[in-house]
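A short worksheet on the structure shown next.
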Amino acid sequence: MRIFGKGAQGAEPRIERSSVERFFEERAGKLSQVGALKAVLYQDKHPDLAERRDAAEKARIRPLLRLAGHERVLDVGSGTGRWTDELASSVAYYHGIDFSAGLVEYARQRHPPGPRVGFTVASADDYSLESLGVGEPFDVILCCGVMIYLNDDEVDRALRCMAEVCAPQARIVLREPVGIADRLTISEHYSEEMEQTYSAIYRTEEELIRRIGHELGTRGFHVSDAGDVYEAALNNRAETIQRWFVMERP
């Protein structure tokens, strides 16, 4: 089912959390079949699109993190740990969280936890420094493609969780697909590309920024910059586009 804007009852449609969780565990089950990148970036039937998108995303997003080497970084929605190689060796501490136990287990196998690297199975809208087992807040938070799998109240909680684990001076970088003309809700839609049932909410950029302002603005953050992640050739969707957003608390 594809719904643009509000539903028939005049309210924003919701997606089933259990369906989203099942989808990602199924993706984890396909790791040996599709590989670590396609498991989380999809494009299962394209030979190299996931690889090209991964490289383009990292080239665009990495400079936005402004890492000097001493930062503590939290990766929300870390999946298979595709950002771990990029970041763990160049920061003081890297911690990845994901609500898929299968994806986290794969990440742990590739990147054994230690003094500078940690992983936790946790939902984006329900964690704390205590639950992550860390004693110090994070200077930088990276969150790629997570909000589309959360309902509105869950997005608000996720933003609050980020703020609560941040250091007094901190930076949050989101990479998120957004609806171009209208909010698009996909509920229990069978994807021929992935051969799986898929649910997601593509909010417009304006709506997402409003939510960020409401939850993070009162906590000292402001949106300092935003832009496109990919060149047009890498964006193969007519109704959505990948955008990045930087929030800072100076």
[X] [atom1]: over 12 foreign heavy atoms closer than 6.0 Å:
X: H214; atom1: NE2; answer: no
X: E16; atom1: CD; answer: no
X: R66; atom1: CZ; answer: no
X: Q109; atom1: CD; answer: yes

Please determine if [X] and [Y] form a salt bridge, counting it only when a charged side-chain N lies under 4.0 Å from a carboxylate O.
X: E57; Y: R175; result: yes
X: D126; Y: R157; result: no
X: D156; Y: R211; result: yes
X: D182; Y: R203; result: no
X: R160; Y: E215; result: yes
X: E195; Y: K45; result: yes
X: R183; Y: D152; result: yes
X: E154; Y: R17; result: yes

Could you tell me whether the side chain of [Y] reaches within less than 4.5 Å of the side chain of [X], counting heavy atoms only?
X: S90; Y: R62; answer: yes
X: L132; Y: L74; answer: yes
X: I201; Y: L150; answer: no

Proximity of F23 and Y198 rings by center, below 6.0 Å: yes
Verify whether one side chain among [X] and [Y] offers a donor that lies under 3.5 Å from an acceptor in the other.
X: E25; Y: S100; answer: yes
X: S224; Y: E248; answer: yes
X: T120; Y: H95; answer: yes
X: E12; Y: T185; answer: no
X: Q196; Y: R27; answer: yes

Same cluster for I180 and V178 if Ile/Leu/Val/Met/Phe/Trp/Tyr side chains link at under 4.5 Å? yes
Side-chain heavy atoms under 4.5 angstrom apart, residues restricted to Ile, Leu, Val, Met, Phe, Trp, Tyr: same cluster for L31 and V104? no
Between F119 and R108, is there a cation-pi geometry (under 6.0 Å to ring centre, at most 45° from the normal)? no
Aromatic plane relationship, F24 with Y42 - under 30° parallel, 30 to 60° tilted, over 60° perpendicular: tilted
With a 3.5 Å distance limit and no angle check, can you tell me whether D98 reaches the backbone of D75 through a side-chain donor-acceptor pair? no
Report the distance from atom CD1 of I172 to atom CG of D139, rounding to the nearest 0.5 Å. 12.0 Å
